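Below is one structure; the comments refer to it alone.
Predicted model, so just to flag it, every value in this text is computed and none were measured.
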Amino acid sequence: MRKNLTLTSALLLSLPALNVSAEAFDSCPSQAFLMQDTTAKLYGVNLVTGNVDLLSSNLGTNDRINGFGFSNHDRYLYGWGYQDKTIVRIGDDYQIEPLPLTNKPGANFFVGDIALAENAYYLYKKGGSYGLYRVSLDQDDDAYLDVQRVIDGAALSLLIYDLAFHPFDGFAYSVDKYGDLYRIDVSNGNASKVSNVGQRGTFGAVYFDVNGTFYISRNQDGNIFRIAVDDIKPQAELFAYGPSSGNNDGARCAMAPIVDESTPATTDFGDAPDSYSTSIFNNGARHGVVEGIQLGGAIDAEYDANVYPNNDEDTNGDEDGVDFITAFEAGLDGFMQVTVEGDGYLSMWVDWNQNGQFDANEQLIADKALRTGTHYIFEETPLDVTSGVTWARVRYTTTSGVGPNGGVTDGEVEDYQVAVLNPGNSLVTNTPYFLAFEDNWPETGDYDFNDVVIRLDSSMIVSQEGNVKKLNLEGELTAMGASYNNGFAIQLEGIANNDIDASSIRFEINGVPATADLLEDGNDHAVLKISDDLWDHVTAGGCWFYKTEEGCTSQYEFTFVISLQFNNDIDLSNFPQSPYKPFIFATEDTFHGDAFSSNPGRSLEIHLKNKTPTARAENYFGLAEDKSNVPAGLTYQTEAGLPWAIAINASTYTNWLHPQEYVDILRAYPDFLDFATSNGAENKSWFKKENADLSKVYSY
């Protein structure tokens, strides 16, 4: 193969014989090559999507190969082989051919590439004893395979892990661990900092394409960024999600485009207008087509996006994963049906302000885990949306954390035109409350008001006409010192079940959709039954009770979120006021005190003072210490007017310091007596920390 052989016979005999049987690659490949692992394995990388294919797990070496490059002169791959401590050549059989070098520096290299303007391999190692080296690969050159130092590694001191040659300007480029982009003149070793590209890390594989676009792959997460090195201040743009590795080195034919239209298309694109980053030029959303992971029943593949209005939906019909059942109305929940194949993550963006792009704050769904099948999803529309027809982008993939653009290895992207309405709805935030219950009613018991303590926050979406269109409730169980088993519910007085759009109810416990029905049957007014037994949701953490004894922790927390939309216009002036009508009730088939001849179950309700029970309650008034006068509207109170349930304004308090276990609230908060017996006219700030006996309240 060589015309001018300058090595001595002794040197040739001291190195492995060249494998002349390996053929060069028959073209300039569009895929990138990636060398990984401590025992070198070779992969092919699609830079468009980040898809990786194993090309060879046995390259004929037991060690690493680094300083990896593709020669546009002979279409072979070259790298530095750690096992043979020399340059190795790799052909289409993916086996190494160690090359006999002269004047080797006595070190291994992990930075290198093949120049395009000359048939030479450049290697770099930091440090004064090493530096930037040139190795001629031209067999007609007298210096063929002779290692010549261009500059020492003290004069050219860069913390880089790979470099690549620009297809036109003759310079090599690299990005160091701090994100600084360098342009290197390999003829003399001069390097100039171009800019900081905004990303840090170990960029062990870097590449160019035929357009002069630079790609860098970060080892720790596999993210592939692209950089327009000719910009005034080049920045790294996340381009695709590639493979991560602790040992990474890349090579690529810099004269090839990243899309090879001579082979069948394997990438799915969206089709929204290109202002939404749809085409490959604009780093559009794109997915490698992989069997078993997609939206809906159809998926197509393209070399590039068919951008609206020239989209291919009429012919391919692959936008079939999402059915938007309702329009998006400001402040209300949009309802959609989503069908997926394979387990993955669903993400969605909507151009709410209709500025022609998906802004950072316009993500409606982020990494919603789904399994194969059809799912019904509610998502709240922001209040500040613009009315009209706009675009939504939906992505489904096994990769989490994707944005509205860029490439991923699998799944599908679908773009839709959707209707958005903003009739002038507004948000009304209600006063938050702590709700504290003594569950010994009709007996006072220990009267410590920590049997059930719940923080309740609520808000409403109200139309321009003053009608309540939606009610949001959020609650957290902050303490439970109950020996009895209690459920918790809220009655919306004046609201019937059929006033509520049952199909749009959102009810979550600890962030997970609840399986039980929220609306309880058999009541004159809507009752939201949140739990039949609060002890099902928390544990006492090695103590008897939940957050009522010092030094005790809980294994579980209990929170709930409720969203109700209304079928009928309900005037705000007629809507019940926060905290509505909260109550606890006895869990079925559990003991609830000696005042009852049998277990009372759901029929036992404990409400705020002077509130009426629901239609499901039995009349237990007048038993034991209860001195209710129902005809006069005086309920759930003792003869002195003391209640069994209280609502405390939580506007300025993160936590109300409830009494410790078995501590009477009248001892923990001495002013409470005057407040209760005066029906709230006196000592209205009784519940504040400064009015508590701190030795008798629970400290968080």
Side-chain angles (χ1 to χ4, degrees), residues 32 34-35 64-70 78-80 82 87 104-118 120-135 147-167 169-208 212-221 223-236 245-252 254:
L34 190 65
M35 196 71 76
R64 302 181 184 187
I65 297 174
N66 281 116
F68 199 40
F70 181 89
Y78 291 84
W80 185 270
Y82 279 44
I87 294 172
K104 288 195 299 183
N108 284 321
F109 294 87
F110 55 83
V111 178
D113 196 20
I114 315 298
L116 282 88
E118 55 176 328
Y121 184 15
Y122 284 87
L123 295 162
Y124 174 74
K125 186 177 181 68
K126 187 174 179 288
S129 300
Y130 306 107
L132 178 67
Y133 298 86
R134 179 186 184 276
V135 181
V147 182
Q148 301 175 344
R149 187 160 71 172
V150 177
I151 191 172
D152 71 65
L156 179 64
S157 182
L158 301 175
L159 200 55
I160 60 175
Y161 304 93
D162 196 13
L163 58 80
F165 281 90
H166 194 286
D169 68 14
F171 293 108
Y173 289 80
S174 188
V175 174
D176 71 10
K177 68 176 294 184
Y178 305 107
D180 291 331
L181 171 67
Y182 285 92
R183 181 185 291 119
I184 305 168
D185 184 344
V186 296
S187 67
N188 55 27
N190 290 336
S192 58
K193 178 181 172 181
V194 181
S195 74
N196 188 281
V197 299
Q199 294 290 334
R200 292 186 170 211
T202 299
F203 300 103
V206 302
Y207 323 89
F208 271 101
T213 302
F214 192 37
Y215 302 86
I216 61 175
S217 175
R218 187 161 55 198
N219 289 20
Q220 55 264 44
D221 55 18
N223 286 352
I224 299 170
F225 301 89
R226 74 174 181 180
I227 303 170
V229 297
D230 296 329
D231 283 356
I232 296 174
K233 188 178 179 181
Q235 294 293 292
S245 174
N247 184 60
N248 238 15
D249 211 314
R252 189 177 185 278

Completion exercise
Applying side-chain hydrogen bond (donor to acceptor under 3.5 Å, both in side chains) to Arg226 and not counting sequence neighbours gives Glu237
Exercise for the section: Please list, chain by chain and in numerical order, all residues satisfying salt bridge (charged side-chain N to carboxylate O under 4.0 Å, His left out) with Asp185, sequence neighbours excluded. Expected result: none
Exercise for the section: Not counting sequence neighbours, which residues clear side chain to side chain contact (heavy atoms under 4.5 Å, CB included) with Val194? List them please. Expected result: Leu181, Arg183, Pro234
Problem - Qualifying residues under side-chain hydrogen bond (donor to acceptor under 3.5 Å, both in side chains), relative to Ser157, sequence neighbours excluded - result: none
Handout entry: side chain to side chain contact (heavy atoms under 4.5 Å, CB included) partners of Leu156, counting only residues at least two apart
Key = Tyr124, Leu132, Ile151, Leu158, Ala191
Handout entry: Any residue meeting side chain to side chain contact (heavy atoms under 4.5 Å, CB included) with Ala117, in chain and number order, not counting sequence neighbours
Key = none
Handout entry: Sequence-distant partners of Arg200, side-chain hydrogen bond (donor to acceptor under 3.5 Å, both in side chains), two or more places apart
Key = none
Handout entry: Qualifying residues under salt bridge (charged side-chain N to carboxylate O under 4.0 Å, His left out), relative to Asp180, sequence neighbours excluded
Key = Lys193
Fill in the blank from the handout: Sorted by chain and number, sequence neighbours left out, side chain to side chain contact (heavy atoms under 4.5 Å, CB included) with Phe110 holds for Asn66, Tyr82, Tyr161
Problem - Residue list, ring pair (Phe, Tyr, Trp, His ring centres under 6.0 Å) with Tyr122, at least two apart or on another chain - result: Phe165
Handout entry: For Asp152, side-chain hydrogen bond (donor to acceptor under 3.5 Å, both in side chains) partners two or more places apart
Key = none
Handout entry: Sequence-distant partners of Arg218, salt bridge (charged side-chain N to carboxylate O under 4.0 Å, His left out), two or more places apart
Key = Asp221
